[in-house]
Amino acid sequence: MDILKVLSRGTKKVTNNSQLGAKAAPKLPSAGAKPNPQLFHDEVRGQKRKRKVGDEPEEKDESDLPEVDFFAPKPESGSKPGNERKQKAEQTSTPTLAQVAKLLTEDQCRQLLKSHRLKITLLSKVEDQSRVKKSKKKKKKVAVEPKKEEKKQLFPQVLESFGELRTSYGISRRVAENLVVQGYREPTEVQMGSLPLLLRPDLALPEEGGLEHGVDFLAVAPTGSGKTISFLIPAINNMMRRRSEEKLNNIHELEAIIIAPTRELAYQIVNEGRKILQGTSLRIVAMKKGMAVAADKQEMSEDSSDESGNESEQEPDSEEERKYEKTKRGTPTKADILVTTPLLLLNYLNSGSSQAQKVLPTVRDLILDEADVLLDPLFREQTLGLWTACTRPELRVSFWSATMGSNIESLVTERLQLRTESLGTKPKPFVRLVVGLKDTAVPNITHKLTYTASEQGKLLALRQLLRPSSRDESGPPLRPPFLVFTQTIDRATALHEELKYDIPLEAGGSTRIAALHSGLADSARATIMRKFRAGDIWVLITTDVLARGVDFAGVNGVVNYDVPGSSAAYVHRVGRTGRAGREGGVAVTFYTKEDIPFVKMVANVIAASERQAGKTGDDAGVQKWLLDALPNVAKADRKKLKERGVEARRTGGGTQAKITSRSGFERRKENNKRGAIAASKRRRDEPSDDSGDEDEWGGLDD
Ligand SMILES: Nc1ncnc2c1ncn2[C@@H]1O[C@H](COP(=O)(O)OP(=O)(O)OP(=O)(O)O)[C@@H](O)[C@H]1O
């Protein structure tokens, strides 16, 4: 299928979005359902998976599932949790969760973890049972701090199917049903490793002590591997379980905060949360400018149960919702889970006449999605400020990303220790889960590095990808929809201007291509996101504001028009394709001689990804000779690139900063010719400017 056919699919103007999606999606390489989203399933030599004969396979009829005990009456006060379960089992005929749970042996756990390339480690310096020495005289335990290189590896229970979430880990029937409706069956690796631990640490790690308040958790897992539901399910379920046990079903209480670096990601998490919360009384809300957050308990009012059931795929800041929020301004929002960018919530906490910062004492779960960027200098103070505001001593904190530098891990470990010391509380175990390589890789897509002699060469090469006759001879063709990443807002805008007439009018013309960056009004950003998700926009030019977390299931490719500012940025940008283990995604990275000092960082990630995918020799996108030839990147240069990008491409940086293939005169002439049609189309398609509603989130842009 050549690209003209793809682009010309709009000749008959598609009016119904679902029409395009339904027809086009399954044919596109990186779209469509992926039956098994797992990335790894290696044979473990000399060992077979031990499932007892007669054991039920993964899928179970939900109606057959036993009722678990967490909805049972509240236990007598004073009884211990362990005894409580035992007593209840004796008193009633309802089996306890521990009885119905089909737990794997440690050996089975080891095998599963190994074959799925999961490594789970205890990071905190808690008392290490294996290294405790007993003084003979005093019979006193002396804890020996584990040395850095000797961190204890753990082999907790592994989730083999979503059905087990109910049978073994006791999640609510409603949440279990909602997951089935979403089509989640086979858990991804990060879900296999994290869900048992976060849902029932006492069952997942029966040998470890100090689990009454759960664990603090850090997860490093590939892009598109399902981290969102890995943190949503436990947060939701812990909340439901506690409220059920304490008979607190009629309240909304802010119990979990999820921090994300961009508004697009925050709204996406809210949408995912709403799907899981459908039919429950819990409410997940996106923080907005001017919104008040209630930290105290409040009675549920008549109108408050509606939104958790909102199935809309729309960005939640639609016109209607903004109107709704405006009428509610000043009234504390009834939320159980709040999703926010760091500054929005921090501004709220610092607002008001009092000098003192407001605190969030009811919050029990603090979740940092894209934790490495949230703890990077750009957001660090804001994020730590929010963490400090969550004053509950037993607060559980979790950190999630596809990339996690060791500096971030050390920072987090240190902060957790300081917190327990200052609060004088018993430390919780701090557990790290790594899927695949700890250093970054995107194994399931095709990577290509393309050298062009000049900036103009890059533009030509990109045009080539949009042209009907285009076929990239040396690799798979890049088919819409795809994302194009530039270094700055100016370059994204300029590239959009340059390319917007490249798509034939009969295929939708300039409406098929758009630019999204943090310089746009919120409503414009939301509209573009919606159109791209719906398949109406085929080429989306953007900046790093869309590099992290955002999930477009059918994106076939990513073009790094400008080299990314770090290896982590490369991983996140190209990870917008090949989601949920889908294959066929393509990532093309252009580079010119200005980029050569930095390309080795990208080449190293590509080489690691290909090694992980088993591609070597001629199959590899980065040949060994290129890796050898590219200069190593000095630390100072890495820092400069991360902070400022390639100097020659910064706004006002001379000819290299410009994106154009034609002279100004030629461009004006051409634009005049197309002006009339384009202007009327623009008036019809572009959202009205309501920049007065912009929030303070600046994004990750330049
Ligand atoms: N077990 C599963 N089976 C099938 N699809 C899944 C499963 N888990 C998650 N998904 C889907 O995979 C996609 C990616 O998930 P998600 O956005 O949570 O990835 P992520 O790990 O957070 O990625 P990133 O690091 O880029 O933020 C989503 O569309 C999600 O619905």
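For ligands, and for the atoms within them, numbers begin at 1 and follow the listed sequence. No experiment lies behind these values; they were computed from the predicted model shown.
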Could you tell me whether [X] approaches ligand 1 through its side chain, its backbone, both or neither, with non-hydrogen atoms closer than 4.0 Å?
{"X": "P222", "answer": "backbone"}
{"X": "T223", "answer": "both"}
{"X": "F162", "answer": "side chain"}

| request: Kindly check if the number of other-residue, nucleotide or ligand heavy atoms within 6.0 Å of CZ (R415) is above 12? | output: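 Not buried by this count: 12 neighbours or fewer within 6.0 Å.
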
| query | With a 4.5 Å limit on heavy-atom distance, are the side chains of I233 and L179 in contact? | reply |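 Sidechains of L179 and I233: in contact.
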
Heavy atom of [X], distance to ligand 1 below 4.0 Å:
{"X": "R548", "answer": "no"}
{"X": "G183", "answer": "no"}
{"X": "S225", "answer": "yes"}

| query | Between R185 and F162, is NZ or CZ placed under 6.0 angstrom from the six-membered ring centre and within 45° of the ring axis? | reply |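 No.
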
Numbered atoms and elements of ligand 1 in range of [X], under 4.0 angstrom, heavy atoms:
{"X": "K227", "answer": "18 (O), 19 (O), 20 (P), 21 (O), 22 (O), 23 (O), 24 (P), 25 (O)"}
{"X": "T228", "answer": "16 (P), 17 (O), 18 (O), 22 (O)"}
{"X": "E370", "answer": "27 (O)"}
{"X": "R576", "answer": "26 (O)"}

| Salt bridge check: are R432 and E409 linked by an N-O gap of less than 4.0 Å? |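 E409 and R432: salt-bridged.
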
| Testing T223, D544, T403 for side-chain hydrogen bond (donor to acceptor under 3.5 Å, both in side chains) with H572, which one passes? |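 For H572, the side-chain hydrogen bond (donor to acceptor under 3.5 Å, both in side chains) test succeeds with only one of T223, D544, T403, which is T403.
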
| request: Before giving the answer on ring-ring contact (aromatic ring centres under 6.0 Å, His included), spell out for F552 and W538 the whole-Å C-alpha distance, their side-chain angles and the decisive distance to 0.1 Å. | output: CA-CA 12 Å; F552 303 113; W538 294 347; over 10 Å; no

| query | Run the side-chain contact (heavy atoms from CB on, under 4.5 Å) check on M529 and Y267 step by step: do they pass? | reply | CA-CA 11 Å; M529 287 290 283; Y267 286 136; over 6 Å; no

| Which is closest to atom 24 (P) of ligand 1 by heavy-atom distance: G224, A402, G226, G581? |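 Selected option, by shortest heavy-atom distance: G224.
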
| Pick from R579, E186, Q191, Q182: the one approaching atom 8 (N) of ligand 1 most closely through a non-hydrogen atom |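 That would be Q191.
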
| message | So, regarding R185 and ligand 1 (criterion: nitrogen or oxygen to nitrogen or oxygen, under 3.5 Å), is there a contact or not? | response |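 No; the residue has no nitrogen or oxygen that sits under 3.5 Å from a nitrogen or oxygen of the ligand.
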
| said: Could you measure the distance from the CG atom of L218 to the OG1 atom of T413? Nearest 0.5 Å is fine. | reply: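 Nearest 0.5 Å value for the CG-OG1 distance: 7.5 Å.
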
| message | Return the CD1 to CG distance between I284 and L338, rounded to the nearest 0.5 Å. | response |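 Between atom CD1 of I284 and atom CG of L338 there are 8.5 Å.
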
